[in-house]
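Since the structure comes first, as structure tokens, the remarks are kept for the end.
In this text, all values refer to a predicted model and were calculated from it rather than measured experimentally. Whatever order the structure lists them in is the order used to number ligands and atoms, beginning at 1.
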Amino acid sequence: MSATSEAPVFRRLCVAGLGLIGSSIARRVRQDGSVGEVVAFDADPAVRRRVAELGIADRVAETARDAAEGADGLVLCVPVGAMGRAAADLLPHLLPGAVVTDVGSTKVSVIREVLPHLPEGATLVPAHPLAGTEYSGPDSGFATLFDGRWCLLTPIEGGDRASVERVASLWRRCGAMVQEMDAEHHDRVLAITSHLPHLLAFTICGTADDLQGETRSEVLRFAASGFRDFTRIAASDPVMWRDIFTNNRDALLEMLARFTEDAQAMARAIRWGDEDFIVDRIERGRRIRRSLIEIKQA
Ligand SMILES: NC(=O)c1ccc[n+]([C@@H]2O[C@H](COP(=O)([O-])OP(=O)(O)OC[C@H]3O[C@@H](n4cnc5c(N)ncnc54)[C@H](O)[C@@H]3O)[C@@H](O)[C@H]2O)c1
Ligand SMILES: O=C(O)C(=O)C[C@]1(C(=O)O)C=C[C@@H](O)C=C1
């Protein structure tokens, strides 16, 4: 990827929270010139020092005020439970008319927490890149993270369309495909496709750990790739996932209840030897996997 001749989307972009996602954005936009200047800010001094060492921003600010002053764009890349605090610290200092966006995994809660801090004339365009890994921190980011991945925008009803287009353009230049969606719908979709799978992965690892007397050494020694796949997801950051679970509580609990019912149906089929039911459920899983691979190849 190399710098294009297109005009920068923002003159100065403030990136707040330089973990996996924030540092990936900073790396990408600096490489391809989609913003004039990147100013980084993180609440953790150790992260600020590391970002300076890595050289992934034009400047690392020591305070929220210094980071936001003079910026016409701000992307909040902090855990969803910290969005309100970060917005309160940064938003008052942005340039008039600035565009504020975020990358949070929940959208209704982020809108609720950030909107009250939006200065007159500024706009909020919530966003969520569907790309990540189980790693966190500034060393884990990379410039190609968003290539070919979806970024969902959940624009505020009646909000400024030009700002939505600017944020969409930033994500396209980061390599992502952009789609707009209603925030409530986003949270329900992500509850089943991302939040519940993580809940299951944390839980199955916990269950295996509880059985340590009997099986744990076996689990670890002979861990087949099925269990290993769960452990990759279960290695994700505790603060990030605590915040996602508690900020998408209703949708997640609804999906968990539906899943529990379906798991009970499977348990019943196993108990009574209903082989047709069991095969039908497994075939459904295989079909979903195949269709996902086809979508990826298309
Ligand atoms: N990791 C993923 O796979 C993934 C994917 C898409 C979206 N997201 C979302 O992106 C956001 C960031 O996730 P991440 O994986 O990059 O997290 P991370 O833990 O790697 O980084 C978060 C950073 O935010 C900083 N921070 C916390 N509170 C702050 C504050 N008030 N002001 C400034 N900095 C603050 C932390 O010090 C940390 O460096 C989260 O909202 C998450 O839900 C994550
Ligand atoms: O790839 C992973 O490890 C991820 O967990 C990424 C993942 C996901 O569930 O797909 C996690 C949370 C985000 O909000 C978006 C993406």
Given salt bridge (charged side-chain N to carboxylate O under 4.0 Å, His left out), test E283 with R286 step by step and report yes or no. CA-CA 5 Å; E283 277 177 347; R286 296 179 84 186; 5.9 Å; no

Steps toward salt bridge (charged side-chain N to carboxylate O under 4.0 Å, His left out) verdict (R49, D42): CA-CA 10 Å; R49 276 196 299 279; D42 198 286; over 6 Å; no

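For atom 5 (C) of ligand 1, the nearest protein heavy atom (residue, atom name, distance) is A131 O, 3.0 Å. The shortest contact between atom 24 (O) of ligand 1 and any protein heavy atom is with G17 CA, 3.6 Å. Protein heavy atom nearest atom 26 (N) of ligand 1, with residue, atom name and distance: V78 CG1, 3.7 Å. Distance from atom 27 (C) of ligand 1 to its nearest protein heavy atom, with residue and atom name: P79 CD, 3.7 Å. Nearest to atom 2 (C) of ligand 1 among the protein's heavy atoms is M240 CE, 3.5 Å. Among all protein heavy atoms, the one lying closest to atom 34 (N) of ligand 1 is A43 N, 3.1 Å. At the shortest separation from atom 22 (C) of ligand 1 among protein heavy atoms lies C77 O, 3.8 Å. What sits closest to atom 42 (C) of ligand 1 on the protein, heavy atoms only, is S105 OG, 3.5 Å.
Side-chain contact between L54 and D139: present, with at least one pair of heavy atoms (C-beta onward) separated by less than 4.5 Å. Contact check for I156 versus P126: side-chain heavy atoms found under the 4.5 Å cut-off. No side-chain heavy atom of L190 sits less than 4.5 Å from a side-chain heavy atom of T106.
Considering only non-hydrogen atoms, atom 10 (O) of ligand 1 lies nearest to V103 out of V103, V75, D89. Distances from atom 21 (O) of ligand 1 to the heavy atoms of S194, G19, A16, S236 put G19 nearest.
T106 does not count as a contact of ligand 1, since none of its heavy atoms falls under 4.0 Å from the ligand. Assignment of G104 to the shell around ligand 1 is supported, since a heavy atom sits closer than 4.0 Å. Judged by the shortest distance from any of its heavy atoms, S24 lies outside the 4.0 Å radius around the atoms of ligand 1. Using a 4.0 Å cutoff on heavy atoms, E134 does not count as a contact of ligand 1.
Set against the non-hydrogen atoms of D44, the atoms of ligand 1 under 4.0 Å away are 37 (O). Taking a cut-off of under 4.0 Å to the non-hydrogen atoms of H128, the atoms of ligand 1 that pass are 6 (C), 7 (C). Against a heavy-atom cut-off of under 4.0 Å, P129 is close to the following atoms of ligand 1: 6 (C). Close approach to G137 involves these atoms of ligand 1, each under 4.0 Å from a residue heavy atom: 20 (O). The distance from ligand 1 to the heavy atoms of A82 drops below 4.0 Å at these ligand atoms: 28 (N). Residue V80 approaches ligand 1 through these ligand atoms, each under 4.0 Å from one of its heavy atoms: 41 (O). Per-residue contacts place S136 under 4.0 angstrom from the following atoms of ligand 1 (heavy atoms of the residue considered): 18 (P), 19 (O), 20 (O).
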Please tabulate protein-ligand N/O pairs under 3.5 Å for ligand 2, atom names and distances to 0.1 Å.
unit_1	atom_1	unit_2	atom_2	d
ligand 2	1 (O)	G132	O	3.0
ligand 2	3 (O)	R232	NH1	3.0
ligand 2	3 (O)	R232	NH2	3.3
ligand 2	5 (O)	H198	NE2	3.0
ligand 2	9 (O)	S194	OG	2.6
ligand 2	14 (O)	S105	OG	2.7
ligand 2	14 (O)	H128	NE2	2.6

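Considering backbone and side-chain N/O of G132, none are found under 3.5 Å from N/O of ligand 1. Polar contact with ligand 1: absent for F41 (N/O pair, distance under 3.5 Å). For Y135, no nitrogen or oxygen atom sits less than 3.5 Å from a nitrogen or oxygen atom of ligand 1, counting backbone and side chain alike. Taking distance alone, with nitrogen or oxygen atoms compared against 3.5 Å, I244 stays at or beyond that limit from ligand 1.
With a 6.0 Å radius and a threshold of 12 heavy atoms from other residues, nucleotides or ligands, R258 has its CZ atom at or below the threshold. Annotation: R188, atom CZ; neighbour count of heavy atoms from other residues, nucleotides and ligands within 6.0 Å does not exceed 12.
Salt-bridge annotation for R28 and D147: present, with a side-chain N of the basic residue lying under 4.0 Å from a carboxylate O of the acidic one. Between E180 and R161 there is a salt bridge, with a side-chain nitrogen of the basic residue lying less than 4.0 Å from a carboxylate oxygen of the acidic one.
When the salt bridge (Lys or Arg N to Asp or Glu O under 4.0 Å) test is applied to R65, the partners found at least two apart in sequence or on another chain are E69. Among residues two or more places apart in sequence or in another chain, the ring-ring contact (aromatic ring centres under 6.0 Å, His included) test is passed with H198 by W241.
Remark: the backbone N or O of A143 is not paired with any side-chain donor or acceptor of R27 at under 3.5 angstrom. Side chain of T123 to backbone of S163: no donor-acceptor contact under 3.5 angstrom is found. In this structure, the side chain of D72 engages the main chain of R12 through a donor-acceptor pair within 3.5 Å. Here the side chain of R11 pairs no donor or acceptor atom with the backbone of G36 at under 3.5 angstrom.
The only option from D102, T154, D187 that meets the side chain to side chain donor-acceptor pair (under 3.5 Å) definition with K107 turns out to be D102. Of the residues D280, V279, D274, the one that meets the side chain to side chain contact (heavy atoms under 4.5 Å, CB included) test with D276 is D274.
Proximity of T133 to ligand 1, defined as any heavy-atom pair under 4.0 Å, is confined to the backbone N, CA, C and O atoms. Heavy atoms of D42 found under 4.0 angstrom from ligand 1 belong to the backbone as well as the side chain.
In the hydrophobic cluster analysis, where Ile, Leu, Val, Met, Phe, Trp and Tyr join through side-chain heavy atoms closer than 4.5 angstrom, M181 is grouped apart from V178.
Protein heavy atoms all stay at least 4.0 Å away from atom 17 (O) of ligand 1.
For residues 135-182, the ring-ring contact (aromatic ring centres under 6.0 Å, His included) pairs, not counting sequence neighbours, are F146-W171.
Here R48 contributes atom CZ and T63 contributes atom OG1; the two are 8.5 Å apart, rounded to the nearest 0.5 Å.
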